[in-house]
Structure formats: C-alpha cells, structure tokens
Novice: 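I have a structure here, written as structure tokens, and I will follow up with some questions on it.
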Amino acid sequence: MYPQTLYRKLVASHTVVELDEQNVLLFCDLHLMNEYTSPQAFAGLHEQEREVAMPGQNVATVSHIIPTHPIAQRIIQDPASALQASNLKRNCERHDIPLFDTNDVLQGIEHIIAPEHGMIRPGMVVICGDSHTTTYGALGALGFGIGTSEVEHVLATQTLVYRLAEDMRIRVDGRLPPGVTSKDLILMIISRIGAQGARGYVVEFCGSAIDDLSIEARFTLCNMAVEAGARGALIAPDQKAVDYVFARVADMDTEQRRQALSYWATLRSDEGAEFEVEHRFDAADVAPYVTWGTSPDQAIPVTGKVPAATGPQRSSIEKALNYTGLAADMPLEGLAVQHVFIGSCTNARIEDLREVAAVAKGRRVAPGVRAMVVPGSGAVRTQAESEGIAQVLIDAGFEWRKPGCSMCLAMNDDVLASGQRCASSTNRNFEGRQGRGAITHLMSPAMAAAAAVTGHITDVRKLGGPND
Amino acid sequence: MTESHRIGGIAAPLNIANLDTDQIMPKQFLRGIDKKGLDKGLLWDLRFDREGHIRHDFVLNRPEFANTRVLIAGPNFGCGSSREHAVWGLQQFGIQAVIASSFGEIFYSNAMNNALLAVILPQDDVSRLLDEAHRNSTPLNIEIDVISMEVRSPGMTRPFTLAKRHRRMFLEGLDMIGASLAHKANIAAFAQHHWSRQPWVRDIARLTKHRIDNH
C-alpha cells in the first residue's frame, strides 16, 4: 500500500462506489439540518414521493432565525421565520428525525450541539447545509458544507455524489504567545494564504502548536478554514480528541471503546503521504489579529496599520476601505466601536466565554457600547451560569442572551444599524453581514471583550488580567 | 437565443473579487420554505440604495442590460455561505451562466446541481472579456456552447473545460438522486458492513437525542 493522507483514508472508508475518476458516492454518517437550508429539500423529497433513507443518521436544530432575547419561552415573531421553524418540526415529525426545537433546553447552533453531545466521533463523515461544517475536522471527522439540492440527496440516499478534493498540509510549530488564541492563528493563516488560498483543498493542520490546542480551540481553527476556501479541515485525532469524545458517549461500552481506540489510532496521514501543497507557520509570529476590511483575509495584527490600496489587490482594498470607513496607515488600536458581539459557531463555547469573563471581571462595558453575549447552545449557557461566568458578564454590563446564530449573520432580529462598528467574535466580515452598512471587525472573544470594556479596539495583552 | 446546449445573450460585467453569497442573496430573503421570489433579492444592496431606491448606475439596472443572461464576474465568485438561494436567485433573475476565474466550492456544486453554468476561464481571459464589455457602448453578447466547450464573444473565442459529469448534468438534466437511488442495494450493503466495523456510528443521531432527552 502506498502512503495515504488522513483525508484519503476517510474518503476511502466511506466510498460506496467510485462513480468516475473524480466522483465517488460517499456515505454520510451524520447529517445536520437547520430551518433555512432544509425546507426546499424536504419539499423536493415529498414532490418525488421519496422517503428519508436513514432517519437515525440525521438531526435538526432551529438555529439561524431564532430570537435570542433572554426570555423563558421563546416566540419567533417574524411570521416567515416562525413558519420555517414549524415547517422543520413538521418535517422532522413526519420522517422521525430528532430535532432540537425552539424551546428545547439544549437547542443551539448545529456546530456547537453536535460535538458537545458526542455526535461527532473520529473517522466520521458529517455534512450540513451550512458552510461551517468544516468544524468537525477538530475531532478527525471529515465535515463540509453542502447546498440544499445535496441536502435532499442525503435525505433520500444517506450519500452524496462527492467530488474529490486535493490535499494541503498546514504545519504550525512553536508556541502561541500569551493572550493569543487559535482564532488569531486562523485569521493570520487566512490573511497570509488568502480567501481562496485553500480553495479546492482539504487542509490537514499539524505541528506542535496544533497539538497544544484544546479541542475547543481546534474547533475554531477548523471552523474558519472555509474562509480560506477549504473544502474541509482535519486534525489527526490524539489523546485529547479521544478524551473529549469518550467524556460524551455514554452509549459506547467498554468493548466498543476498545474497538474504537484501535481504529482511531489509524486515523493519521501515513509517513511519506503526499500533499499537493504545504504551508508552514511559526506560532510565535501570531499576535491578536483583527480584520480591517470586508473579507476574512483582510486582517492584520492589532498593533498594525491599515494597508494602502496598492498592488494587484488595489481595487478590492479600495472597495473594502470605502465600506469600513478606514484609510491607509490608520492604526486599528483605538478605533471606537458601538457594538460588541460574542457568539457564533466559531467562538461561543465554554472556553471562549471563560476568556471573555476573565477580561470582563471587575470591569464595565464602556459607555455608548452595546455588548451582547450569545452562547452557542443551551448546554453552554447552563454551564456558564453554573460557573458564575454569566453573573460576571451581567455585572459588567453585557447582555446575557439565549443561544442561536444571532448577529453572526443577522437572520433573526439581532441586526446592526448602518454605520455601527462592531467588534465581533464571528467568522465573516462581509459587507452587510451583520446589517446593511454595518462594519464588522473579526477578532478573538477576549479581544472582543477588551473592546467592550474600553469602547475601542484594544490589544487585550495590554489590558492585564481580571480587574479584581 | 438559447438552445439546450447553448447559452447566449447579453453579458454584464461584475468585476468584484470574492463576491460572497451574503451579497448575492442577503439574509432577509432567506426566510421562505420554497424557492419563490428570490429574483427580487438578488444583489439587493448593489441594486438598491438604503432607502430602497433603484441605483441607476449599477450595471444590471441599466436598461440595455435588462435581458442579461451571463455575468462576467471576479475571482472566487460565490464564496462564503452555502445558501443555494444565491443560485436560485440568479436563475430567477434570468442569469444562465457566470464566467469567472474561480468559484466558491459550495456555490460551484450548487450551480451545477441547478444547471446554472459556471464557466471557469483563466483570469487573463476574464479580464479581456471585461475589457471588451467596458469598451463597447452597447452591451456585449456572449455565446457559450457546451457541446463545443467554447466561450465566444465578438472579440475572442476561448475553450473551457467542464467535468464529464457536470457536462452531462447540464446537457441531459440528470436526476442525480434517481441515479444514486439505483445504487440503493449497494448503499444498504455498505452501511451494514460499515456499522459492523464501527457500530458506534449507527443510529447516532437518534440514540444521542434519546439519551440526552432522558437524562
């Protein structure tokens, strides 16, 4: 056998038939659905009088349109959005698909709830009508986003016609400096390789800096690989991944765990396996990164200055600066924000909220700033409350809200007004993403918290620890 | 002038790099449970100002571009969100093909699954087409032939490639789900074998939800 990459192994272990030299029929272990990219898929299925092939391999959640006001019983006021939620419920009931419904205490963003309940295990293929499905590579599962036609295909067959990607390896050695997170690392990588730097590739992350990351930090890294155009992201599962999964899978008995361990140990790229492209980075080079433009690759260290519109990217830079209201050579540090948003499938897990609380403790949200914290799931929210994090945030003047995608894409009622500048722990700074004319600066949760308490973009490393 | 294998008509230049699907189809138009009415939302912020007034200077709003069939776009067109609404909206607006040097991966699959032709040309050729479109006072007409695999403008003819499968999907309107269902027995046999080796993934969603609901 010639040496294989982890990606090729995962594809091979899920190939039902090779359709032609570029495409395989790929078996999908888990299919996640939400209320807005699945309705037309169910409608198509019903029109063709087709059944759901394997309902127990599918799960749905109400995530994108759900309001996040901190009230006990959530009511979706917008009639069209309410219909999406009730329609999802009807579809799930009809096909016996498990659902995290609007007022389920464990409801949350798909990419938060699936791993937190042990539904993501090494070696799986996981798909969802959402681009951030790359998240699951953190556990050695091949995850990727699909469109609604493909959602219908998976419902009907539990497979996908899958076009093979190429292999890229990104090695990061060294240590991330204090105050620097995996969010900063991925923003730096995207800024270096570009918004289509990994287009067409499945990226395997490796190196000592990746080994050092917690599983939640790895979720953040793999989640945003799609912002470099990647078709998937992978990290070979190690002991941390095994421990994370085993802590969440009460259904697996001792024999299954033994069997799983011996299989998962094979889930790594073989010595000598070939990658079409390799990149190397030094973790020591990473600083807190902040975006200045309207594409996730338009990011610089917080200590840096906005670039001038020159070179081949001239028109893109000009267009971005025109939208974000910035000019060449301006420092980002000190730039006033009116809004802070901490949430999303990228950064709304318990470790993220602990970092936010560490900054918020003993401080106050600056006058004139509205700061929202939207936990990624009901379970994250409950844990943050039991750890005292929620109280720290409330005491500091943050809004402590209910889970959902919320202002990451502003599909619910959490929408920014035009001209508002937002420090955001999310994944996309596209024009209009958080509201028409609103300006998004992507950064880590701790950096967003630092902006909240100072009222402007701030290097969290200069703020010091909790202000006890 | 469109036959099944030929797309032809007015081509509008839209030279914006990384034009993401959030911009192609903004959030407020994603609230349906069907595919209707998405032509209204297409490129909303570019077509209309904040008060909802039409932006007369935007290419697709100019009267001579009223029957645009082809977009000549910037690199990485359709990056970002997986929303297929972007493709449906383009088609409902009358767009039958988009020419760019690269496309967002999920957008590309979505386009092919709906027979919206995504044509990849080298950036130099795309730039030449853009120049040609900007140089003329009347809109550029482009013809794309999926049999001869050529893009033709008055000024140039360029070959392009398409995966065999995508070409067939475009020409024959392949029912992909139907084709995959022909492998139903293979899929069932594969699943049994897969689950005998990895029993912990069988019924994983149902068992997990059941377990946590009863906890």
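Just so it is clear, the values below take in all heavy atoms, side chains as well, and ignore hydrogens, waters and symmetry mates. Just so it is clear: chains get the letters A, B, ... in the order the sequence lines come, proteins before strands, and each one is counted from 1. Given the structure is predicted, the values throughout are model-derived calculations rather than measurements.
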Novice: Please flag which part of A:Leu99 lies under 4.5 Å from any non-hydrogen atom of chain B: side chain, backbone, both or neither.
Specialist: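 Backbone only.
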Novice: Checking the side chain of A:Arg436 only, and the main-chain atoms of B:Asp45 only, is there a donor and an acceptor separated by less than 3.5 Å?
Specialist: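 Present.
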Novice: What distance do A:Arg163 atom CZ and B:Arg165 atom CZ have between them, rounded to the nearest 0.5 Å?
Specialist: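 These two atoms lie 11.5 Å from each other.
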Novice: With chain A as the partner, which of B:His85, B:Lys184, B:Arg202, B:His193 has the greatest number of non-hydrogen pairs under 4.5 Å?
Specialist: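 Option with the greatest count: B:His85.
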Novice: Where does A:Ser418 contact chain B at under 4.5 Å (heavy atoms): side chain, backbone, both or neither?
Specialist: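 Side chain only.
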Novice: Report which part of B:Lys27 has an atom under 4.5 Å of a heavy atom belonging to chain A: side chain, backbone, both, or neither.
Specialist: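 B:Lys27 touches chain A through backbone and side-chain heavy atoms alike.
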Novice: Would you call A:Asp20 and B:Lys164 a salt bridge, taking side-chain N to carboxylate O under 4.0 Å as the test?
Specialist: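 The answer is no: the pair does not qualify as a salt bridge.
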Novice: Taking all atoms of both residues into account, what is the closest heavy-atom pair of A:Ser149 and B:Asn114, and its distance?
Specialist: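 Looking at all heavy atoms of both residues, the closest pair is OG-ND2, 3.8 Å.
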Novice: Against chain B, label A:Phe42 side chain, backbone, both or neither, depending on which of its atoms sit under 4.5 Å from a heavy atom there.
Specialist: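 Neither part.
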Novice: Please classify the contact of B:Phe107 with chain A as side chain, backbone, both or neither, using a heavy-atom distance under 4.5 Å.
Specialist: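 The answer is neither part of B:Phe107.
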Novice: Less than 4.5 Å to any heavy atom of chain A: does that hold for the side chain of B:Thr208, its backbone, both, or neither?
Specialist: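 For B:Thr208, the side chain is the part near chain A, not the backbone.
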Novice: I'd like to know if the side chain of B:Gln23 reaches the main chain of A:Glu431, judged simply by a donor and an acceptor atom lying under 3.5 Å from each other, with no hydrogens or angles considered.
Specialist: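 Pair absent, no side-chain N/O of B:Gln23 close to backbone of A:Glu431.
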Novice: Considering only heavy atoms, which portion of A:Arg121 lies under 4.5 Å from any heavy atom of chain B: side chain, backbone, both, or neither?
Specialist: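 The side chain, not the backbone.
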Novice: Between A:Ala195, A:Gly229, A:Ala43, who has the most heavy-atom pairs with chain B when the cutoff is under 4.5 Å?
Specialist: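 The option with the most such pairs is A:Ala195.
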Novice: Of the backbone (N, CA, C, O) and the side chain (C-beta and beyond), which part of B:Asn76 lies under 4.5 Å from a heavy atom of chain A, both, or neither?
Specialist: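 B:Asn76 touches chain A through backbone and side-chain heavy atoms alike.
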Novice: Between the side chain of B:Arg31 and the main-chain N/O of A:Met411, is any donor-acceptor distance below 3.5 Å?
Specialist: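 At least one qualifying donor-acceptor pair exists.
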Novice: Return yes when atom NE2 of B:His134 has more than 12 non-hydrogen atoms of other residues, nucleotides or ligands closer than 6.0 Å, and no otherwise.
Specialist: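 More than 12 within 6.0 Å, yes.
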Novice: If we define contacts as heavy-atom pairs under 4.5 Å, which of B:Gln28, B:His194, B:Arg83 has the most with chain A?
Specialist: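 Option with the top pair count is B:His194.
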Novice: For B:Ile106 and A:Ile146, work out which heavy atoms get closest and say how close.
Specialist: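 Shortest heavy-atom contact: CG2-C, 4.0 Å.
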Novice: Under a 4.5 Å heavy-atom cutoff, which of A:Ser316, A:Gly437, A:Ala410 has the most pairs with chain B?
Specialist: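 Greatest number of close heavy-atom pairs with chain B: A:Ala410.
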Novice: Against chain B, label A:Glu152 side chain, backbone, both or neither, depending on which of its atoms sit under 4.5 Å from a heavy atom there.
Specialist: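 Both the backbone and the side chain of A:Glu152 come within 4.5 Å of chain B.
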Novice: So what's closer than 4.5 Å to chain B heavy atoms on A:Ser13: side chain, backbone, both or neither?
Specialist: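 When you check distances to chain B, only backbone atoms of A:Ser13 fall under 4.5 Å.
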Novice: What option among B:Ile204, B:Asp22, B:Val87 has the most heavy-atom pairs under 4.5 Å with chain A?
Specialist: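 The candidate making the most pairs under 4.5 Å is B:Ile204.
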Novice: In terms of heavy-atom proximity below 4.5 Å to chain A, should B:Arg50 be classed as side chain, backbone, both, or neither?
Specialist: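 Both backbone and side chain of B:Arg50 come within 4.5 Å of chain A.
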Novice: If every non-hydrogen atom of A:Gln196 is compared with every non-hydrogen atom of B:Ser102, which pair is closest and at what distance?
Specialist: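 Heavy atoms of A:Gln196 and B:Ser102 come nearest at OE1-OG, 2.7 Å.
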Novice: Tell me the closest heavy-atom pair linking A:Arg50 and B:Leu181, and the distance in Å.
Specialist: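 Here A:Arg50 and B:Leu181 meet closest at NE-CD1, 3.5 Å.
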Novice: Out of A:Ile65, A:Thr37, A:Asp78, which one racks up the most heavy-atom pairs below 4.5 Å with chain B?
Specialist: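 Greatest number of close heavy-atom pairs with chain B: A:Asp78.
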Novice: Describe, in one word, how the ring planes of A:Phe27 and B:Phe190 are oriented to each other, choosing from parallel (under 30°), tilted (30 to 60°) and perpendicular (over 60°).
Specialist: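 Aromatic pair A:Phe27/B:Phe190 classed tilted.
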Novice: Quick one: does any side-chain atom of B:Glu84 pair with a main-chain N or O of A:Glu150 as donor and acceptor, under 3.5 Å?
Specialist: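 Not at all, since once roles are kept as given, no pair shorter than 3.5 Å links the two residues.
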Novice: Minimum heavy-atom separation for A:His153 to B:Ser180, with atom names?
Specialist: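 So the two residues come closest at NE2-OG, 2.7 Å.
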Novice: Can you say whether B:Asn15 sits under 4.5 Å from chain A via the side chain, the backbone, both, or neither, judging by heavy atoms?
Specialist: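 When you check distances to chain A, no heavy atom of B:Asn15 falls under 4.5 Å.
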Novice: For the interface with chain A, which of B:Gly80, B:Ala17, B:Cys79 has the highest count of heavy-atom pairs at distances below 4.5 Å?
Specialist: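 Maximum pair count with chain A is reached by B:Gly80.
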Novice: Of all of A:Ala114, A:Gly44, A:Gly200, A:Ala53, which one pairs up most often with chain B through heavy atoms under 4.5 Å apart?
Specialist: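 If we count pairs closer than 4.5 Å to chain B, A:Gly200 comes out on top.
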Novice: By a 4.5 Å heavy-atom criterion (distance strictly below it), what part of A:Asn34 contacts chain B: side chain, backbone, both, or neither?
Specialist: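 Contact with chain B: none, neither part.
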Novice: Pick one of side chain, backbone, both or neither for A:Asp251, based on which atoms fall under 4.5 Å of a heavy atom in chain B.
Specialist: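 Answer is both: backbone and side chain atoms of A:Asp251 are under 4.5 Å from chain B.
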Novice: Select, from B:Tyr108, B:Trp195, B:Phe103, the one with the greatest count of heavy-atom pairs under 4.5 Å involving chain A.
Specialist: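 That would be B:Trp195.
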Novice: Heavy-atom cut-off 4.5 Å, strictly under: side chain, backbone, both or neither for A:Asp104 against chain B?
Specialist: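 Contact with chain B involves the side chain of A:Asp104 alone.
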Novice: Roughly how far apart are B:Trp200 CH2 and A:Arg257 CZ, rounded to 0.5 Å?
Specialist: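 Nearest 0.5 Å value for the CH2-CZ distance: 11.5 Å.
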Novice: With a 4.5 angstrom heavy-atom cut-off, is it the side chain or the backbone of B:Asn186 that approaches chain A, or both, or neither?
Specialist: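 Contact with chain A: backbone and side chain both.
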Novice: Chain B heavy atoms under 4.5 Å from A:Asn87: which part of the residue, side chain, backbone, both or neither?
Specialist: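 Contact with chain B: side chain only.
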Novice: Under a 4.5 Å heavy-atom cut-off, does chain B meet the side chain of A:Thr148, its backbone, both or neither?
Specialist: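 For A:Thr148, backbone and side chain are both near chain B.
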Novice: So which atom in B:Gly32 and which in A:Pro39 form the shortest heavy-atom distance, rounded to 0.1 Å?
Specialist: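 Minimum heavy-atom contact is O-CG, 4.1 Å.
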Novice: For A:Tyr263, is it the side chain, the backbone, both or neither that has a heavy atom under 4.5 Å from a heavy atom of chain B?
Specialist: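 Just its side chain gets close to chain B.
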Novice: Side chain, backbone, both or neither: which part of A:His132 has a heavy atom under 4.5 Å from chain B?
Specialist: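 Neither; nothing under 4.5 Å.
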